[in-house]
Novice: 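Pasting a structure below so you can have a look.
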Protein chains: 2
Amino acid sequence: MPASRATAADPERRRDADRTRSEILEVATREFADRGYAGARVDEIAARTRTTKRMIYYYFGGKEQLYVAVLEHAYAQVRAAEQELDVEHLDPVSAVRRLAGLTYDHHTAHPDFIKLVSIENIHQAEHLAKSEVLTNLKNPAIDVIGRILQRGREDGVFRDGIDAVDVHMVISAYCVFQVANQHTFGALFGRDLLDPGLREHYRTMIGDLVVSYLTST
Amino acid sequence: MPASRATAADPERRRDADRTRSEILEVATREFADRGYAGARVDEIAARTRTTKRMIYYYFGGKEQLYVAVLEHAYAQVRAAEQELDVEHLDPVSAVRRLAGLTYDHHTAHPDFIKLVSIENIHQAEHLAKSEVLTNLKNPAIDVIGRILQRGREDGVFRDGIDAVDVHMVISAYCVFQVANQHTFGALFGRDLLDPGLREHYRTMIGDLVVSYLTST
DNA sequence: TAAGTAACGTACTAGTTCGTACATTACGCG
DNA sequence: CGCGTAATGTACGAACTAGTACGTTACTTA
């Protein structure tokens with residue numbers, strides 16, 4: 001039984017279901033994000049892994065199921081990151097700024113995820129809707145925002161009548177746009193939104209935007 | 001030469017280059033917007049017109065050139081709408097609200113355009129970058145915003161140091177998100193952002209958001 | 001009105017792409 | 001240590017899809 005423990009870690013292993021599976025998933029994520037569902041090529045994904053196309057069908061069943069697996073995996077990572085949000089110890093205004101900044105960081109750090117979401121929207125979220133895994137994922141960010149808003153109201157710094165989902169939507173819209181539309185925006189306005197030199201500016205801006213909205217009279 | 005005048009209007013005409021060309025463009029716009037570049041089918045586009053695939057190649061040259069033509073046509077429509085922006089007679093705050101509202105109206109009224117932009121971003125705006133027609137299109141909205149901001153500063157109602165392109169970006173981000181991400185957002189949060197009953201709420205919100213940002217101290 | 005050309009249709013091809021039948025081998029377990 | 005199965009590789013096929021060769025006809029214009 002040391003064998004079974006060595007199994008997962010042994011770099012000499014020639015056959016490793018977990019490694020093969022996750023390698024396919026990783027490569028497929030890039031391929032789908034870069035070329036869209038229809039544009040992605042199963043052969044190309046296979047070629048970029050250490051294994052063959054046969055394995056994609058062995059583990060995932062087909063191109064569409066692989067795509068759904070990629071989506072589920074990507075969303076799971078995002079939700080995991082949202083679980084880490086630790087802003088409840090801050091005053092409401094600081095908490096909102098921090099939440100916005102962290103969301104900005106996460107989105108800009110995971111462009112593949114943003115692209116997958118764009119692609120899924122092109123397809124009217126049909127795969128997402130079909131996946132129980134994904135529709136059952138509750139978004140922890142909403143609850144976090146809800147509690148911040150309530151504390152802000154109690155402290156008299158935030159307005160009444162603001163919905164947590166709306167706040168989340170505004171932050172998402174802003175952060176998603178930076179990544180999802182960077183190329184057309186860059187081409188049309190000659191400005192790279194993700195230029196490292198502009199990063200602090202745009203990272204601060206979403207916090208300012210939301211805070212001014214919440215605190216305006 | 002009455003013949004040549006009757007030509008364009010005559011509903012009995014069997015051959016009408018303009019009509020055929022624009023019909024192809026119209027159908028192709030929907031097809032590309034719905035299925036993406038790789039997912040779109042030339043045969044399908046042809047089948048939905050009164051003409052045949054042969055004509056697509058006759059008028060446009062190929063699938064890629066047709067896609068570029070669709071993009072150029074879509075952008076031209078948007079720019080035409082922006083030329084109509086008439087907000088300079090309003091006080092700065094009202095002008096910003098009106099600009100935001102009109103942008104919201106336009107985006108929600110032209111979902112195909114938003115989808116095309118999403119698709120073009122998946123492809124890193126390579127077609128847009130190649131088209132001189134598109135890269136030379138200057139965005140009139142930026143100048144409009146610039147003048148509003150200046151008047152607002154002069155009146156002492158707006159802060160200093162706000163960039164017109166940033167304001168445009170925020171408004172775009174918000175309005176694009178409503179359309180581009182409506183399906184995933186709807187599936188994950190159980191809220192249809194484009195529900196007619198929510199329309200006034202979301203239309204007002206982007207104005208409030210920007211105004212509070214510009215007027216905050 | 002007749003000729004020339006722009007506009008159009010049909011039928012086909014070459015290449016691509018998802019998917020699979022069949023064969024093989026490494027590894028865990030008794 | 002050998003047996004059974006999970007894991008893997010190869011080679012191929014059926015279907016689809018962009019693009020075109022070739023032929024035809026409506027419209028214009030001299």
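Chain identifiers are assigned alphabetically (A, B, ...) following the order of the sequence lines, protein sequences preceding nucleic acid strands; residue numbering begins at 1 within each chain. None of the values given here were measured: they were computed from a predicted structure. Heavy-atom basis, side chains included; hydrogens, waters and symmetry copies ignored.
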Novice: Going by the salt bridge (charged side-chain N to carboxylate O under 4.0 Å, His left out) test, which pairs reach into residues 59-73 of chain A, not counting sequence neighbours?
Specialist: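 Only A:Glu64-A:Lys130 qualify under salt bridge (charged side-chain N to carboxylate O under 4.0 Å, His left out).
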Novice: Indicate whether the side chain of B:Arg199 and that of B:Thr108 have a donor and an acceptor atom separated by less than 3.5 Å.
Specialist: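 Yes, because at least one side-chain N or O of B:Arg199 sits under 3.5 Å from a partner of the opposite role on B:Thr108.
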Novice: For residues 173-191 of chain A, pull every pair meeting salt bridge (charged side-chain N to carboxylate O under 4.0 Å, His left out), keeping only residues two or more places apart or in separate chains.
Specialist: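 Every salt bridge (charged side-chain N to carboxylate O under 4.0 Å, His left out) pair that includes a residue of residues 173-191 of chain A, provided the two are not neighbours, is A:Arg191-B:Asp163, A:Arg191-B:Asp166.
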Novice: Hey, are A:Thr184 and B:Asn121 close enough side-chain-wise for a donor-acceptor pair under 3.5 Å?
Specialist: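 Yes, A:Thr184 and B:Asn121 have a side-chain donor paired with an acceptor closer than 3.5 Å.
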Novice: Are OP1 or OP2 of D:dG9 and a side-chain N or O of A:Thr52 less than 4.0 angstrom apart?
Specialist: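 So the side-chain polar atoms of A:Thr52 do come within 4.0 Å of the phosphate oxygens OP1 or OP2 of D:dG9, strictly under.
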Novice: Counting any heavy atom closer than 4.0 Å, what does B:Tyr59 reach on the DNA or RNA strands: base, sugar-phosphate only, or nothing?
Specialist: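 Sugar-phosphate: the residue B:Tyr59, judged by heavy atoms under 4.0 Å, touches backbone atoms but no base.
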Novice: Could you verify whether a donor N or O on one side chain and an acceptor N or O on the other, from A:Tyr67 and A:Glu120, lie under 3.5 Å apart?
Specialist: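 Side chains of A:Tyr67 and A:Glu120: pair found under 3.5 Å.
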Novice: Given atom CD1 of B:Ile56 and atom P of D:dT17, what is their separation to the nearest angstrom?
Specialist: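 To the nearest whole Å, that distance equals 14 Å.
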Novice: Rounding to an integer number of Å, can you tell me how far A:Phe60 CZ sits from D:dA7 P?
Specialist: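 Result: 13 Å.
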Novice: Looking at five pairs on each end of the helix from C:dT1-D:dA30 to C:dG30-D:dC1, what is the angle between the two axes, given to 10 degrees?
Specialist: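 Between the axes fitted at each end of the helix from C:dT1-D:dA30 to C:dG30-D:dC1 lies an angle of 20°.
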Novice: Measure CE/A:Met55 against C1'/D:dA11 and give the value in whole Å, please.
Specialist: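 Checked: the CE to C1' distance equals 15 Å.
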Novice: Give the rounded distance in Å between these two atoms: OH of A:Tyr58 and C1' of C:dA21.
Specialist: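 These atoms are roughly 16 Å apart.
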Novice: OP1 or OP2 of D:dG9 versus the side-chain N and O atoms of A:Thr51: is any pair under 4.0 Å?
Specialist: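 Yes, within the criterion.
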Novice: Does A:Phe113 have its ring centroid less than 6.0 Å away from the ring centroid of A:Tyr75?
Specialist: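 Yes; A:Tyr75 has its ring centre under 6.0 Å from that of A:Phe113.
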Novice: Please determine if a side-chain N or O atom of B:Thr20 lies less than 4.0 Å away from the OP1 or OP2 oxygen of C:dA7.
Specialist: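 Result: no.
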Novice: Can you name the salt bridge (Lys or Arg N to Asp or Glu O under 4.0 Å) partners of B:Glu44, sequence neighbours left out?
Specialist: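 By the salt bridge (Lys or Arg N to Asp or Glu O under 4.0 Å) rule, B:Glu44 matches B:Arg48.
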Novice: Generate the contact string for nucleotides 18-26 of chain D. Rules: B means base contact, S means sugar-phosphate contact only, - means no protein heavy atom under 4.0 Å.
Specialist: BBBBB--BB
Novice: If you round to the nearest 0.5 Å, how far is OH of B:Tyr37 from CZ of B:Phe32?
Specialist: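 These two atoms lie 6.5 Å from each other.
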Novice: In whole angstroms, how far is the C1' atom of C:dA7 from the CD atom of B:Glu23?
Specialist: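 My rounded result for the distance is 14 Å.
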Novice: Which residue pairs satisfy the salt bridge (charged side-chain N to carboxylate O under 4.0 Å, His left out) criterion with at least one member in residues 131-142 of chain B, sequence neighbours excluded?
Specialist: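 Pairs touching residues 131-142 of chain B that pass the test: none.
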